[in-house]
Amino acid sequence: MWNAVTRAISPALGRCELSHIERTPIDVALAITQHHQYLRALDAAGCRVLTLPEQAGLPDSVFVEDVAIVLNEVAVMTRPGAPSRRPEVASVAELLCHHRPLEAIEEPGTLDGGDVLRIDRRLYVGQSARSNTDGIAQSRKLLAAHGYAVQGVAMRHCLHLKSAVTALDEHTVLLQPAWVDRGCFADFRIIEVDPGEAHAANVLRIGDALIMPAGFPRTRQRLLDAGFKVTAVDVSELQKAEGAVTCCSLLFRSDP
Ligand code: CIR
């Protein structure tokens with residue numbers, strides 16, 4: 001059974017961190033409606049959805065993915081690269097400690113969960129503005145003890161590694177070649193996003209179900225043509241906050 005930890009949207013979402021996109025007004029009421037649809041999609045994909053209460057003073061707190069790496073054996077609480085986001089960690093740790101032994105990334109390390117792509121026993125970690133060399137080295141040491149290999153991945157022009165590449169199954173990735181080199185994923189079958197849909201690579205996988213943002217119909221068609229089962233959810237207001245679909249949940253199994 002998959003659990004999905006999520007968090008209700010802060011009314012301050014409009015004051016979120018932004019790195020690679022221009023600030024445009026966010027309709028918070030619409031964002032909340034869209035987030036409910038996202039939660040329904042998680043439920044339909046077979047998740048037990050756990051929703052933490054909103055943190056009004058923390059604009060980006062809906063993006064729970066960034067504060068932890070949750071594996072079958074352990075959860076690593078991150079130290080987010082944006083200082084404004086570090087107060088988001090504690091309340092998620094309080095929940096996760098009931099499900100996993102906890103470890104933590106410590107100063108001077110920084111790491112955002114959005115940079116961590118797990119495929120089988122390997123974790124690809126984006127060398128981004130949010131995840132520094134020390135944070136990646138700490139995660140490598142912590143996770144080697146549990147049999148995971150951690151590999152840093154160069155990337156460009158986007159916030160997180162999972163803005164540029166996500167896994168569709170254990171053998172296939174969806175990739176934006178302008179933001180990460182195909183060669184880093186040479187061991188996998190690579191499906192590229194449609195050239196006109198730059199932000200389409202962020203897809204959330206739950207077993208054999210995929211959730212992706214609406215608004216990328218040509219990339220979605222590529223996934224359907226390749227035989228994947230895809231649900232599209234409109235997350236336009238979260239996209240204005242530089243979020244997408246992986247960032248709004250932390251998935252872990254209750255029967256690891
Ligand atoms: C930030 O800049 O931290 C937020 N506005 C967006 C975080 C999105 N997180 C993710 O994709 N993992």
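Side-chain atoms are counted along with the backbone in the values below, which use heavy atoms only and exclude waters and symmetry mates. Read the numbers this way: they start at 1 and go in the same order the structure lists the ligands and their atoms.
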Looking at H160, which atoms of ligand 1 are within less than 4.0 Å of one of its heavy atoms?
9 (N), 10 (C), 11 (O), 12 (N)
Starting from atom 11 (O) of ligand 1, what is the nearest protein heavy atom, named by residue and atom, and what distance separates them?
C247 CB, 3.2 Å
Before we go on, tell me: are the rings of H199 and W179 under 6.0 Å apart, centre to centre?
yes
Does anything in residues 101-151 pair up under ring-ring contact (aromatic ring centres under 6.0 Å, His included), and if so which pairs, sequence neighbours excluded?
Y124-F185
Does the N or O separation between S19 and ligand 1 drop below 3.5 Å for any pair?
no
Shortest reach to atom 2 (O) of ligand 1 by a heavy atom, considering only E242, R130, K240:
R130
Quick check: does E65 get an N/O under 3.5 Å from an N/O on ligand 1?
yes
Ring-ring centroid check F252 H99, cutoff 6.0 Å:
yes
Who are the side-chain hydrogen bond (donor to acceptor under 3.5 Å, both in side chains) partners of R220, not counting sequence neighbours?
none
Considering only heavy atoms, does L159 approach ligand 1 within less than 4.0 Å through its side chain, its backbone, both, or neither?
side chain
Could you go through the side chain to side chain contact (heavy atoms under 4.5 Å, CB included) check for R253 and N3 one step at a time?
CA-CA 6 Å; R253 295 199 67 91; N3 295 292; over 6 Å; no
Under 4.0 Å to a heavy atom of G114 - the qualifying atoms of ligand 1, by number:
12 (N)
With heavy-atom distances below 4.0 Å as the criterion, list the atoms of ligand 1 near D60.
4 (C), 5 (N)
The atoms of ligand 1 lying under 4.0 Å from a heavy atom of D66, numbered in the order shown, are 7 (C), 8 (C), 9 (N), 10 (C), 12 (N)
Looking at ligand 1, would A241 count as a contact under a 4.0 Å heavy-atom criterion?
yes
